[in-house]
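Just below is one structure, and these are the notes that go with it.
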Amino acid sequence: MEGLVLSFLTQLSDALPSTYARPDAKTPSGKKVVLQLADRHRSNVPMRALTMPQRSKGPSARPFAQLLRTADLMHEALVDDIPTTKRDMYYKDVQLFGSQPNVDKLVDDLAATFQMSRADLNVRASCKGLICGTGLMIHLRNGETVKLSDSEPMLVPHSEDIQRFEADNELAWVLVVEKEAVFQTLSRLRLGSHESLPGKGLVITGKGYPDIATRQLVRTLSANLPSRIPILGLVDGDAYGIDILSVYKYGSTSMQHEKEHLAAPRIQWLGLWASELAALGIQKDALIPITKHDEKKARSLLKRGGVPAEWRKELQHMLFSRRKAEIEVLSVIRSVTDCTADLPPNRQARFGESSNSGIPLLRYLVAKISAACVEASSATP
């Protein structure tokens with residue numbers, strides 16, 4: 001970090017006229033200040049240049065001022081050994097930064113350039129993810145032990161605050177939910193201890209695109225829980241739902257430098273699959289027409305490398321039908337048999353009488369989670 005600032009000052013000094021030069025002396029022709037930053041969006045071009053002066057009409061000194069101010073705040077957090085957040089950094093110089101996204105981008109750019117995580121630079125993201133369920137205890141570094149509740153959600157702690165996890169032998173599944181509203185419904189239903197499921201479970205949400213703390217939690221569970229415990233994702237059957245699932249499984253395209261610490265390769269797409277809706281008794285008229293933004297996102301995902309074939313098929317199905325399915329559409333399912341009757345065998349499960357709830361979402365999840373648990377257990381040596 002200090003090297004970055006020294007490089008800037010050295011180049012700036014070389015670019016300016018000498019103090020002892022004649023009054024009519026001009027800045028040496030062609031002298032520019034150039035700083036190299038990691039390009040987090042392009043794997044084939046690992047670095048990008050920040051240059052001053054620029055040929056554009058906009059101010060070329062402002063990006064440098066924003067960058068150096070961000071580095072200064074990071075340095076302050078490291079020297080004082082007091083963690084800061086992106087939000088705190090923004091409010092310390094609102095006039096300079098202009099908007100929160102500018103700070104977010106600079107923090108990630110600097111972390112990637114230094115080949116470090118944001119946590120290593122004492123910068124934390126504000127927590128927003130929630131977790132509930134049974135079968136897991138979280139031991140914090142301050143000596144506190146948190147026992148999860150299946151009906152009272154808690155904020156996902158920062159990974160830096162967690163010392164270790166303690167999983168119950170009866171923990172059988174983990175469900176990651178895209179939407180907070182659906183998460184709150186499942187919390188009220190006490191899904192984590194529901195008698196129709198094959199064991200205790202955890203329900204997690206990142207409230208849409210997940211924050212770092214939620215991704216780190218899911219990644220830790222993916223890396224450490226036994227293979228008999230499936231980690232499942234419940235997202236909307238549309239391009240944005242698939243993209244959110246991709247962030248959990250493969251990492252975000254803007255933070256590939258932290259992929260190793262954030263990606264959870266074990267997570268599986270539980271639903272909602274647009275291709276299964278007809279088998280569930282949901283007609284096309286009950287679905288929402290896709291927008292131009294949906295179509296653009298779907299085509300972008302289809303161009304992205306590494307997207308599983310089944311995911312591509314679902315995206316193509318959405319583009320062909322011009323419809324998308326949100327999780328809430330499950331409310332129109334008619335009966336228990338609708339949940340599994342015409343689904344492929346690997347997506348079916350047996351129901352007991354107790355699972356014959358009047359809540360379609362619960363019926364759907366009991367069927368799918370039970371099937372996933374059976375499949376995971378049979379695949380475990």
Side-chain angles (χ1 to χ4, degrees), residues 126-140 142 144-159 161-162 164-208 210-211 213-218 220-222 224-225 229-236 244 248 264 267 270-272 326-331 333 336 339 349 351-373:
S126 300
C127 294
K128 69 167 184 170
L130 298 172
I131 181 172
C132 69
T134 55
L136 186 73
M137 295 180 68
I138 304 176
H139 298 272
L140 304 179
N142 63 6
E144 183 182 353
T145 299
V146 180
K147 186 175 183 180
L148 299 183
S149 166
D150 60 353
S151 60
E152 296 182 8
M154 63 168 281
L155 276 173
V156 173
H158 287 287
S159 63
D161 295 333
I162 299 174
R164 64 186 178 90
F165 294 99
E166 186 178 338
D168 194 308
N169 289 332
E170 295 182 21
L171 183 63
W173 53 271
V174 177
L175 180 67
V176 181
V177 181
E178 173 187 348
K179 295 180 172 178
E180 182 185 8
V182 175
F183 171 88
Q184 295 291 356
T185 297
L186 299 179
S187 176
R188 289 194 298 270
L189 293 172
R190 297 177 178 267
L191 185 70
S193 58
H194 198 276
E195 60 182 356
S196 300
L197 288 166
K200 298 177 180 179
L202 304 174
V203 185
I204 301 168
T205 183
K207 300 180 181 178
D211 59 314
T214 305
R215 290 171 61 187
Q216 286 175 326
L217 172 64
V218 176
T220 300
L221 296 174
S222 172
N224 294 283
L225 289 179
I229 301 176
I231 301 176
L232 311 166
L234 177 66
V235 299
D236 284 339
I244 288 171
Y248 280 110
I267 193 169
L270 181 79
L272 188 66
E326 297 188 346
I327 300 169
E328 290 80 0
V329 78
L330 292 172
S331 61
I333 296 177
V336 174
C339 290
F351 283 78
E353 292 298 322
S354 59
S355 69
N356 192 1
S357 167
I359 302 175
L361 174 61
L362 181 58
R363 298 200 308 263
Y364 176 85
L365 289 177
V366 167
K368 300 294 287 286
I369 293 174
S370 298
C373 289

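Remember, predicted model here, so these are calculated numbers, not experimental data.
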Is a donor on one side and an acceptor on the other found under 3.5 Å between the side chain of [X] and the backbone of [Y]?
X: Ser187; Y: Phe183; value: no
X: Glu166; Y: His139; value: no
X: Thr205; Y: Val177; value: yes
X: Thr134; Y: Gly192; value: yes
X: Asp168; Y: Leu136; value: no

Could you grab the distance from atom [atom1] of [X] to atom [atom2] of [Y], nearest 0.5 Å is fine?
X: Leu197; Y: Leu362; atom1: CG; atom2: CG; answer: 7.5 Å
X: Ile138; Y: Leu217; atom1: CD1; atom2: CG; answer: 6.5 Å
X: Leu148; Y: Ser193; atom1: CG; atom2: OG; answer: 12.0 Å
X: Ile131; Y: Leu202; atom1: CD1; atom2: CG; answer: 5.0 Å
X: Ile204; Y: Leu234; atom1: CD1; atom2: CG; answer: 13.0 Å

Are [X] and [Y] packed together at the side-chain level, in the sense that at least one heavy-atom pair is separated by less than 4.5 angstrom?
X: Glu180; Y: Leu130; result: yes
X: Gln216; Y: Val156; result: no
X: Ile369; Y: Leu270; result: yes

Tell me whether Asn169 at atom CG has more than 12 heavy atoms from other residues, nucleotides or ligands lying less than 6.0 Å away. no
What I want to find out is whether Lys200 reaches Asp150 closely enough, with some N-O distance under 4.0 Å, to be called a salt bridge.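 No, this pair does not count.
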Quick check: closest heavy atoms across [X] and [Y], and the distance to 0.1 Å?
X: Pro230; Y: Ala172; answer: CD-O, 3.2 Å
X: Gly271; Y: Tyr364; answer: CA-OH, 3.6 Å
X: Ile162; Y: Phe165; answer: CD1-CZ, 3.8 Å
X: Ser222; Y: Ile231; answer: CA-CD1, 3.3 Å
X: Pro210; Y: Ile244; answer: CD-CG2, 4.4 Å
X: Leu272; Y: Glu326; answer: CD2-O, 3.5 Å

Thr185: what forms a side chain to side chain donor-acceptor pair (under 3.5 Å) with it, not counting sequence neighbours? Arg188
Using salt bridge (charged side-chain N to carboxylate O under 4.0 Å, His left out) as the criterion, list what pairs up with Lys128, not counting sequence neighbours. none
Dump the intermediate steps for side chain to side chain contact (heavy atoms under 4.5 Å, CB included) on Leu189 and Leu361, then the final yes or no. CA-CA 10 Å; Leu189 293 172; Leu361 174 61; 5.6 Å; no
